[in-house]
Amino acid sequence: MFKELQFRKDGSRAGLLKTRAGSVASPFFMPVATRGAVKSLEPAEVAGTGAQVLLENTYHLHLAPGEKHIKKLGGLHNFSQWPGPILTDSGGFQIFSLAHARKITEEGVIFRDPVSGQKVSLTPEKSMQIQLDLGADIIMAFDDLTGLDPSKAKVREEQAVEHTHRWLQRCITEFNRLTDKTHKVKRPLLFGIVQGGLDKQLRQKSVEFVQSSGVDGLAIGGLSVGEGTQQMHDMLEFLAPLYDPDKARYLMGVGQPNNLRFAIEHGIDMFDCVLPTRNARHGSVWVTGDKKLNLKNVEHATYKGPIDKNCDCHTCKTGYSRALLRHLFKANDPLAGKLASIHNLRYLQRICESYRP
RNA sequence: GCAGGGAUGACGGAGUGGUCAAUCGUAUCUGACUGUAAAUCAGACGGCUUAUGCCUACGGGGGUUCAAAUCCCUCUCCCUGCA
């Protein structure tokens, strides 16, 4: 599944992740296309930033337009017009992001969709079924993700880890059932997720459990949920020596440039994050030195240069000025968010590329 | 000319005696955003300021009142009818 090509003194490694939709050079960053598209961008534009893999979401696509519908339309690759590998998140993150509108049981989770009001239940089995119907190439186990609730952190964290482990076993069973030889489907990859919050013992236990379960890759979940940079880095440092070298390691939801570098230098191969695209739509872009620029600010109104003169993204190379972007943001023109998204995505891709041979 | 109605902070627009430096929206300024309920959310927004503090303010001027954006007189401008 994962072939390590180069290990460097800085702790980083470069390799190749083999999926049924092609091999991917690591380390890499996956833009988030929750509902089937990276907001405001066409697939070719996403690819133009250097992205190789797209992340889409089980929960949201299940709600609309539905996995059966997508399956009929030829699967996610056809539907999203993205021929390259697609990873689907399992819906586990929604346990965290929709925490006020869901109920967790041993069986799974019942969500009350905040928009439609409809009840949606997800179980490990159902998550596997949906992801396979969608046609994802990398499938995530259904995990239980908790935030940093100080009042009941310990108890809830232990529960989350136990759920995650038991659910992983159920995911594997269901995944194997649905992908055995009788189905004639070329098997996608299945990744298990490590939980444990900021508790090192729990984390270690979780890494060992997930790695010994036979999954194709290891995801670190439950970070970037509000802890400090130092706490995140401590944990990544702690986990680094525990990884199995022939499994891909995916740090979920992390996209701050400094965190990306730190993680890569502590053995992480893959990332996803909404930050580059969401921030971009809100006017916030990264420039050399990881500095954040708010393009809506009045100081850019007369700035003729690009976002970053050192940047090779389409937006900067074409010559769109900060002054224009500021104006478009102020005028609520969606082109602003789109151009800024291209820039931010490229910023993260460049970081990844700098660690490849 | 006569009769009504109106003039509120950048704009729109509440408020008709004290709890009003004045609801709210827009605009403006700033910040946040990490497996997307997010082109969203939060704060600031008369001046000076650390301020529960002072000053200047609801078209101009004058008055009544302990107290006026709110009541009275007058002037200016705008709108609607009638001549």
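Naming: A, B, ... by sequence-line order, numbering from 1 per chain.
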Pick the C1' atom in B:rA68 and in B:rG17, then give their distance to the nearest Å. 6 Å
Pick the C1' atom in B:rC41 and in B:rC33, then give their distance to the nearest Å. 9 Å
Which part of the nucleic acid does [X] contact within heavy-atom distance under 4.0 Å: base, sugar-phosphate only, or nothing?
X        : result
A:Gly337 : nothing
A:Asn297 : sugar-phosphate
A:Ser40  : nothing
A:Ile193 : base
A:Gly222 : base
A:Asp143 : base
A:Val298 : sugar-phosphate
A:Gln195 : base

Decide yes or no on side chain to side chain donor-acceptor pair (under 3.5 Å) for A:Ser116 and A:Gln118, but give the supporting numbers first. CA-CA 5 Å; A:Ser116 65; A:Gln118 66 178 296; 3.2 Å; yes
Output field dot_bracket for RNA chain B (Watson-Crick or G-U, both distances under 3.5 Å, | for other-strand pairs) contains ((((((((.[[[..)..(.....]]].(((((.......))))).(((....)))...[[[[[..)....]]]]]))))))).
With a cut-off of under 6.0 Å to the ring centre and 45° to the axis, is A:Arg322 in cation-pi contact with A:Tyr303?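 Geometry flag: set, cation within 6.0 Å and 45°.
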How close or far is atom [atom2] of [N] from atom [atom1] of [X], stated in whole angstroms?
X        : N      : atom1 : atom2 : result
A:Phe93  : B:rG35 : CZ    : C1'   : 6 Å
A:Met30  : B:rG35 : CE    : C1'   : 8 Å
A:Leu293 : B:rA32 : CG    : C1'   : 16 Å
A:Arg249 : B:rG35 : CZ    : P     : 22 Å
A:Lys39  : B:rU40 : NZ    : P     : 11 Å

Test side chain to side chain donor-acceptor pair (under 3.5 Å) on A:Asp269 and A:Tyr355; report intermediate values, then the result. CA-CA 10 Å; A:Asp269 306 304; A:Tyr355 288 94; over 6 Å; no
Measuring to OP1 and OP2 of B:rU36, would you say a side-chain N or O of A:Thr34 lies under 4.0 angstrom away? yes
Can A:His282 be called stacked on B:rG31 when the rule is centres closer than 5.5 Å and an angle between planes below 30°?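 No.
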Is_stacked (A:His60, B:rU36) at 5.5 Å, 30 deg: no
Got more than 12 heavy atoms from elsewhere within 6.0 Å of NE2, A:His77? yes
A:Tyr250 and A:Phe271: aromatic ring centres closer than 6.0 Å?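 No, ring centres 6.0 Å or more apart.
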Answer yes or no: side-chain N or O of A:Asp272 and base N or O of B:rG35 forming a donor-acceptor pair under 3.5 Å. no
Using side chain to side chain donor-acceptor pair (under 3.5 Å) as the criterion, point out the one residue from A:Arg350, A:Lys317, A:Gln349 that pairs with A:Asp312.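 Single side chain to side chain donor-acceptor pair (under 3.5 Å) partner of A:Asp312 among A:Arg350, A:Lys317, A:Gln349: A:Arg350.
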Tell me yes or no: between the side chains of A:Thr88 and A:Glu56, is some donor less than 3.5 Å from an acceptor? no
Does either side chain, that of A:Gln169 or that of A:Arg166, offer a donor lying less than 3.5 Å from an acceptor on the other one?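 Short answer, no.
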